[in-house]
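Before any comments, here is the structure.
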Amino acid sequence: MLPGSSIPGMFPNMLPFAVGQFNPLVMQPQAMTQQATRHARRVYVGGLPPSANEQSVAIYFNQVMAAIGGNTAGPGDAVLNVYINHDKKFAFVEMRSVEEASNAMALDGILFEGAPVKVRRPTDYNPSLAAALGPSQPSSNLNLAAVGLTPGSAGGLEGPDRIFVGGLPYYFTEAQVRELLESFGPLRGFDLVKDRETGNSKGYAFCVYQDLNVTDIACAALNGIKMGDKTLTVRRANQGSAQPRPEQENILLQAQQQVQLQKLVYQVGALPTKVVCLTQVVTADELKDDEEYEDIMEDMRLEAGKYGNLVKVVIPRPHPSGEPVSGVGKVFLEYADVDGSTKAKTAMHGRKFGGNPVVAVFYPENKFADEDYDAAA
């Protein structure tokens, strides 16, 4: 282990892996500099496979950083240390320079041992302090194609112009959220945050526009908009909201009109169907046990049968192998007619189940018939 490379008690579940060595007597000033810049030199890597360990993560990131031309601090490896949490399947990868850490942000979504991983800034990252230490964005000259990536993915989701979009209806797909946001212009980066177990949306996202001048326009136009039973919260992620400048007012007016059109397109329950989709009713863990699953199915049949001629109940379960299964965490109720589904939606929407209010929406009949359980309602 590197002397001074880990702080006792700070990462109780993590194991340090030291990649290089140095003489603490000779390198003491550098060690102090490393401590001050560490927040800007570390990257969070999430979604690691169970087989990952400190050495394999370090070797992999050293290889891909070299492949994309991301090593800017001279010859040698970019990775200094790896702290890995095996229980939660994430790691902190410490780079030797701030610029190389920023270049590593372009690796978001890269395949590690066959699994796509998330590359993000850690929670202690301070954009204001980091701005004085080195570049905060990946270099535009990186050869991302060498590792199967394309520029402008989630690697562009850093800096003061990153937008937080909260209060999204859970049934909104990535395509719908992107279409709404792109009313103001093309995006440089976008990330709809999802639950790792179920793959369902957590109801919030981050984005960055290619034209940074529309950042405040988009925030002002979208913030407070009603979407179904939700109200959007849209602001810069790293600071309070800013008011658009006078010369932006006309663009803002046009954008707000466009948002209203999008809102009508995506309004929940505009077209009743024979299928009702319930969310926030069950969790993936509750569906793993066979007996508990059958109890849930029976309870749902009895409850849903009160409102009409119930044809079918579908509750997708997690796969024993851990493979992704569409629709886990949702309950689908198919009725013989729209009258039954309408009564069920009205009765069940907003009811508390396990302390959470149930969200009930109509679901496209063709998608249900095709067993596509991840479509937007």
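- In this structure the side chain of Y204 never reaches within 4.5 angstrom of the side chain of T233, judged on heavy atoms.
- Taking 4.5 Å as the limit, some side-chain heavy atom of M300 sits within range of a side-chain heavy atom of V281.
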Derivation and outcome, side-chain contact (heavy atoms from CB on, under 4.5 Å), residues V117 and I110: CA-CA 6 Å; V117 295; I110 195 169; 3.8 Å; yes

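- Using the six-membered ring where Trp is involved, H39 and Y125 have ring planes that are tilted, between 30° and 60° apart.
- The closest side-chain donor-acceptor pair between R41 and S102, if any, does not fall under 3.5 angstrom.
- Distance check, rounded to the nearest 0.5 Å: CD1 of I59 to CD of E54 gives 11.5 Å.
- A donor and an acceptor atom, one from each side chain of K226 and T231, are located under 3.5 Å apart.
- Partners of D339 according to the salt bridge (charged side-chain N to carboxylate O under 4.0 Å, His left out) rule, which considers only residues two or more places apart in sequence or in another chain, are K343.
- Across all non-hydrogen atoms, the minimal contact from A218 to I163 is CB-CD1, 4.5 Å.
- Aromatic rings from Y373 and F332 are positioned such that their centres are separated by under 6.0 Å.
- With rounding to the nearest 0.5 angstrom, the OG atom of S51 is 6.5 Å from the CZ atom of F112.
- In this structure, T173 and L192 have side chains that are not in contact, with every pair of non-hydrogen atoms separated by 4.5 Å or more.
- Without hydrogens or angle criteria, T342 side chain to V338 main chain gives a donor-acceptor distance under 3.5 Å.
- Closest of all the heavy-atom pairs between V311 and A336 is CG2-N, 3.5 Å.
- Here Y170 contributes atom OH and C277 contributes atom SG; the two are 13.5 Å apart, rounded to the nearest 0.5 Å.
- Residues passing the side-chain hydrogen bond (donor to acceptor under 3.5 Å, both in side chains) test with D370, sequence neighbours excluded: none.
- V358 approaches M348 most closely through the heavy-atom pair CB-O, 3.5 Å.
- In summary, D108 and K118 do not engage in a salt bridge, as defined by a charged side-chain N under 4.0 Å from a carboxylate O.
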Worked check of side-chain contact (heavy atoms from CB on, under 4.5 Å) between L142 and N103: CA-CA 8 Å; L142 298 178; N103 287 341; 4.0 Å; yes

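- Note that OG1 of T72 is 10.5 Å distant from CE of M95, once rounded to the nearest 0.5 Å.
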Derivation and outcome, side-chain contact (heavy atoms from CB on, under 4.5 Å), residues N200 and K202: CA-CA 6 Å; N200 295 333; K202 286 191 172 184; over 6 Å; no

Stepwise ring pair (Phe, Tyr, Trp, His ring centres under 6.0 Å) test for F90 and Y44: CA-CA 7 Å; F90 72 84; Y44 164 90; 5.4 Å; yes

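- At least one donor-acceptor pair under 3.5 Å links the side chain of E286 to the backbone N or O of T283.
- The backbone N or O of T346 sits nowhere less than 3.5 Å from a side-chain atom of Y307 that would complete a donor-acceptor pair.
- For the pair F61/V45, a side-chain contact is recorded, criterion being any heavy-atom separation below 4.5 Å from C-beta on.
- Counting only distance, with no hydrogens or angles, the side chain of S97 and the backbone of A73 share no donor-acceptor pair below 3.5 Å.
- Between the side chain of D372 and the backbone N or O of K367, no donor-acceptor pair lies under 3.5 Å.
- Pairs of residues two or more places apart, or lying in two chains, that qualify as salt bridge (Lys or Arg N to Asp or Glu O under 4.0 Å) and include a residue from residues 308-326 are D290-R317.
- The shortest distance between side-chain heavy atoms of R236 and D216 falls below 4.5 Å.
- Atom CG of L232 is separated from atom CD1 of I225 by 7.0 Å, given to the nearest 0.5 angstrom.
- The structure places CD of E100 at 5.0 Å from CE of M65, a figure rounded to the nearest 0.5 Å.
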From CA spacing to verdict: side-chain contact (heavy atoms from CB on, under 4.5 Å), M105, V43: CA-CA 7 Å; M105 296 304 297; V43 296; 3.8 Å; yes

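- A salt bridge does not link D77 to R96: none of the charged side-chain nitrogens sits closer than 4.0 Å to a carboxylate oxygen.
- Here the shortest heavy-atom pairing between V98 and P135 reads CG1-O, 4.0 Å.
- When atom types are taken as modelled, the side chain of S341 and the backbone of T273 share a donor-acceptor pair closer than 3.5 angstrom.
- A donor-acceptor pair is defined here as one N or O able to donate and one able to accept, closer than 3.5 Å; such a pair exists between the side chain of N62 and the backbone of A58.
- At most 12 non-hydrogen atoms from other residues, nucleotides or ligands lie less than 6.0 angstrom from CD of E371.
- Placement of I217 and F190 within a single hydrophobic cluster is found when ILVMFWY residues are connected by side-chain heavy-atom separations under 4.5 Å, directly or transitively.
- In this structure, N223 and R235 have side chains that are not in contact, with every pair of non-hydrogen atoms separated by 4.5 Å or more.
- Contact record, V276 with L278: CG1-CD2, 3.9 Å, taken as the closest heavy-atom pair.
- Both I315 and Y335 are assigned to one and the same hydrophobic cluster, defined by single-linkage of ILVMFWY side chains at heavy-atom distances under 4.5 Å.
- Of the listed residues (D211, L222, T215), just one forms a side-chain contact (heavy atoms from CB on, under 4.5 Å) with F184, and that residue is L222.
- Not a single donor-acceptor pair under 3.5 Å links the side chain of Y60 to the backbone N or O of Q55.
- Contact annotation: the side chain of E94 never approaches that of V79 to less than 4.5 Å [non-hydrogen atoms, C-beta and beyond].
- Taking all atoms of both residues into account, the shortest heavy-atom contact from V325 to P316 is CG1-CB, 4.4 Å.
- Salt-bridge check for D124 with R38: failed, with every basic side-chain N at 4.0 Å or more from each acidic carboxylate O.
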